[in-house]
Engineer: 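To start, I am sharing the structure in question, which I have written as structure tokens.
Since the model is a prediction, treat every value here as computed from it, not as a measurement. All chains are named by letter (A, B, ...) in the order of the sequence lines, taking the proteins before the strands, and each is independently numbered beginning at 1. Note that these values count all heavy atoms, side chains included, but never hydrogens, waters or copies made by symmetry.
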Number of protein chains: 2
Amino acid sequence: MTKILQRNLYREVADRIGDLIEHGELSPGERISEKQLCDRFGVSRTPLREALKVLATEGLIELLPNRGARVVRLTLKNVKDTYDLMAALEGLSGELACQYISDAEIAAIRQLHNTMLEHYRNRDLMPYFQVNRQIHESILAASNNDVLQEMYSNLSQRVKRVRYSKKMTERYWSQAVKDHENMMAALEKRDSQLLGQILRDHLCNKIEVATLAGVIDTEDDKNVANS
Amino acid sequence: MTKILQRNLYREVADRIGDLIEHGELSPGERISEKQLCDRFGVSRTPLREALKVLATEGLIELLPNRGARVVRLTLKNVKDTYDLMAALEGLSGELACQYISDAEIAAIRQLHNTMLEHYRNRDLMPYFQVNRQIHESILAASNNDVLQEMYSNLSQRVKRVRYSKKMTERYWSQAVKDHENMMAALEKRDSQLLGQILRDHLCNKIEVATLAGVIDTEDDKNVANS
DNA sequence: AAAAGTAATTATGAATTCAATATTCCTTTG
DNA sequence: CAAAGGAATATTGAATTCATAATTACTTTT
């Protein structure tokens, strides 16, 4: 089964607007001008408006009837809600992975785990994050649940733009590594319940929420008209 | 055929197509003709096509480039994946609800619970299901997590059309009621972990999957062109 | 008659046009 | 001078039109 790869204009446009949002070129709460984006992408309003509708469904922007679209403002609560959800999904992915994962796949994850430990020992933050992500993605993939993966990916997309502000204190970092040690052990024992539990409680998300408390704009509206 | 003349035409159209799918007026795998639906709803292709894009994003239909749209065929695996996910989300809703729910809300759910027991004793299946659903919805609402509720509602939408075939054996039914007794107890103690666990393991979903094993079309394609 | 090729038809993808609603800017009035 | 009112402008919502790809129907050939 090969995935159908869709090369529709509206999808292309939606992805590129998504990128703009992710990289902050479109600010939270900022009104999105159709014409401006049409000029920028060199497309007509039809596919652009389709893209906006899709992005609204995906939760990245919101549409105000007769008043255009704007980038969703991420409140602290919003991000917290999303992370809570992602943690639950990771928990499920762990439970399922234990049921379906092959020895080879476990070995591959063990490999990644060891690499990650190496980065931790060297305090190489970025490589650490990268391998860390790969581990979580591998477990997610091993869950063998397409709907789960789709949903996780959507949630991940929504909060991607705040991930830039990720900071890591030594204390949290060492705890996260300990979590990962336990994860590996549970996975290699294929202890479904345990891995699920660990992943649900895994600090990663909560750290970020804590860190973000000061980062995210809460109430202030500059270019936002209330509805 | 009632002509639609409301604001946010695409949303209206999307909802109505959703209804058609839910009630089986558009069959799984059936190709969706734009013109036909345009005539039916009395709208032009622009809002209709926007609606299709939204429905595709919501997972109810799939778009084949240059070849139109068709209703997603629910495979057994697909439904199972979705239910696994919904169970995880219900678990989370239980955990969160314990943290945020008020005494009054608990009392209201206790009320519903008692009503449900009454329906169970009388073997009134439909009223039972209805109150049952209200209980789960109340807990979900008490979770105080908007993103969670949005996602749950989306998943629920996707599998709504197979719920018609719900059957209940006496054995499963009594077990489901026992689950609910435990749920109530955990909720009244505000035992977050326990309620979460119970809801994740709650039989309801698994029953349906088991029941559905014979109901859902698995492989047979009549009007479906492979890609 | 079956298969292959080609023209005719239909359906989809995208741009444009028309209609409505909102916004801006200017004038008027208290 | 501030607030209110009202054209003028800009923006969005939806229908229509144009372009292109897919499907069907019809030949032609073997």
Side-chain angles (χ1 to χ4, degrees), chain A residues 2 4-18 20-21 26-27 29-57 60-72 221-227, chain B residues 1-18 20-21 26-27 29-57 60-72 221-227:
Chain A
T2 321
I4 299 170
L5 122 93
Q6 196 147 302
R7 263 302 137 244
N8 279 7
L9 201 42
Y10 87 96
R11 233 312 135 202
E12 186 78 25
V13 171
D15 289 343
R16 291 193 54 185
I17 296 176
L20 293 184
I21 294 173
L26 291 174
S27 322
E30 180 178 339
R31 180 158 175 194
I32 297 172
S33 158
E34 290 183 7
K35 189 175 175 307
Q36 192 177 318
L37 289 179
C38 284
D39 294 347
R40 181 164 195 165
F41 297 139
V43 300
S44 77
R45 281 178 59 217
T46 305
L48 183 106
R49 286 170 56 79
E50 290 169 348
L52 291 181
K53 260 120 198 140
V54 167
L55 290 167
T57 307
L60 284 155
I61 67 172
E62 50 195 355
L63 301 176
L64 311 166
N66 288 314
R67 294 178 58 189
R70 66 179 180 203
V71 179
V72 164
D221 284 23
K222 250 172 290 186
N223 32 17
V224 180
N226 284 7
S227 50
Chain B
M1 179 195 100
T2 319
K3 174 150 188 180
I4 296 169
L5 31 84
Q6 193 177 326
R7 225 183 48 236
N8 266 63
L9 204 42
Y10 85 99
R11 233 311 133 200
E12 187 74 21
V13 171
D15 289 344
R16 292 195 52 182
I17 296 176
L20 292 183
I21 294 173
L26 291 173
S27 322
E30 179 178 341
R31 181 156 171 195
I32 295 171
S33 160
E34 289 183 6
K35 189 175 173 307
Q36 194 177 316
L37 288 179
C38 284
D39 294 346
R40 180 164 196 163
F41 296 140
V43 300
S44 77
R45 281 178 59 219
T46 305
L48 185 106
R49 287 169 57 79
E50 289 170 348
L52 291 181
K53 261 119 197 142
V54 167
L55 289 167
T57 307
L60 271 85
I61 67 173
E62 50 194 356
L63 301 175
L64 312 165
N66 289 315
R67 293 179 56 191
R70 67 180 178 201
V71 180
V72 164
D221 284 23
K222 252 172 291 187
N223 33 16
V224 180
N226 285 6
S227 50

Engineer: Can you check the A:Asn8 CG to D:dT20 P distance for me, whole Å?
Structural biologist: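 Nearest whole value for this atom pair: 16 Å.
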Engineer: Looking at every non-hydrogen atom in both residues, tell me the closest pair between B:Ala51 and B:Tyr10 and how far apart they are.
Structural biologist: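 In this case the closest contact between B:Ala51 and B:Tyr10 is CB-O, 3.5 Å.
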Engineer: Provide, to the nearest angstrom, the distance between the NZ atom belonging to A:Lys35 and the P atom belonging to C:dT16.
Structural biologist: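 After rounding, the gap between these two atoms is 13 Å.
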Engineer: Ignoring hydrogens and angles, tell me if any N or O in the side chain of B:Ser27 forms a donor-acceptor pair with the backbone of B:Glu30 under 3.5 Å.
Structural biologist: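 Such a contact is absent between B:Ser27 side chain and B:Glu30 backbone.
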Engineer: To the nearest 0.5 Å, how far apart are CZ in A:Arg31 and CD1 in A:Ile61?
Structural biologist: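 Interatomic distance, A:Arg31 CZ to A:Ile61 CD1, rounded to 0.5 Å: 12.5 Å.
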Engineer: Rounded to the nearest 0.5 Å, how far does CD of B:Glu34 lie from CZ of B:Arg45?
Structural biologist: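 Interatomic distance, B:Arg45 CZ to B:Glu34 CD, rounded to 0.5 Å: 4.5 Å.
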Engineer: Looking at CG of B:Leu55 and OG1 of A:Thr57, how far apart are the two atoms once the value is rounded to the nearest 0.5 Å?
Structural biologist: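 It comes to 8.5 Å.
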Engineer: To the nearest Å, give me how far apart CD1 (B:Ile32) and C1' (C:dG13) are.
Structural biologist: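 Distance, rounded to whole Å: 17 Å.
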Engineer: Just to confirm, is there a sub-4.0 Å distance from OP1 or OP2 of D:dG13 to any side-chain nitrogen or oxygen of A:Arg67?
Structural biologist: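 No, no such contact exists.
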Engineer: Could you give the CG-to-C1' distance, from A:Asp39 to C:dA15, as a whole number of Å?
Structural biologist: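 To the nearest whole Å, that distance equals 14 Å.
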Engineer: Which ones in residues 44-52 of chain B lie close to DNA chain C, meaning a heavy atom under 4.0 Å from one of its atoms?
Structural biologist: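 Those residues are B:Arg45, B:Arg49.
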Engineer: Tell me the interatomic distance from A:Gln36, atom CD, to D:dA10, atom P, rounded to whole angstroms.
Structural biologist: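 Roughly 15 Å, once rounded to whole Å.
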Engineer: Using atom CG of A:Leu64 as one end and atom C1' of D:dT11 as the other, report the distance to the nearest whole Å.
Structural biologist: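 Checked: the CG to C1' distance equals 13 Å.
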Engineer: Report the distance from atom CZ of A:Arg16 to atom CZ of A:Arg40, rounding to the nearest 0.5 Å.
Structural biologist: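 So the CZ of A:Arg16 and the CZ of A:Arg40 are separated by 7.5 Å.
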Engineer: Report the nucleotide, chosen from D:dA15, C:dT23, C:dA15, that has the shortest atom-to-atom distance to any side-chain atom of A:Arg31.
Structural biologist: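 Selected nucleotide (nearest to the side chain): C:dT23.
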Engineer: Can you check whether A:Val71 reaches A:Leu20 side chain to side chain, under 4.5 Å on heavy atoms?
Structural biologist: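 Not touching, per the 4.5 Å side-chain cut-off.
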Engineer: Need one value for A:Leu63: base, sugar-phosphate or nothing, where a base atom within 4.0 Å counts as base even if backbone is also close, heavy atoms only.
Structural biologist: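 Here A:Leu63 touches no strand at all.
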Engineer: Over how many whole Å does the gap from A:Leu37 atom CG to D:dT12 atom C1' extend?
Structural biologist: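 Roughly 14 Å, once rounded to whole Å.
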Engineer: B:Asn66 CG to D:dA22 C1': how many Å, rounded?
Structural biologist: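 Atom CG in B:Asn66 sits about 8 Å away from atom C1' in D:dA22.
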Engineer: Please pick, from D:dA15, C:dA22, C:dA14, the nucleotide with the shortest atom-to-atom distance to any side-chain atom of B:Leu9.
Structural biologist: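 Taking heavy atoms from C-beta onward, the closest nucleotide is D:dA15.
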Engineer: Among the nucleotides C:dA22, D:dA22, C:dT12, which one has an atom lying closest to any side-chain atom of B:Glu34?
Structural biologist: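 Within the option list, the nearest is C:dT12.
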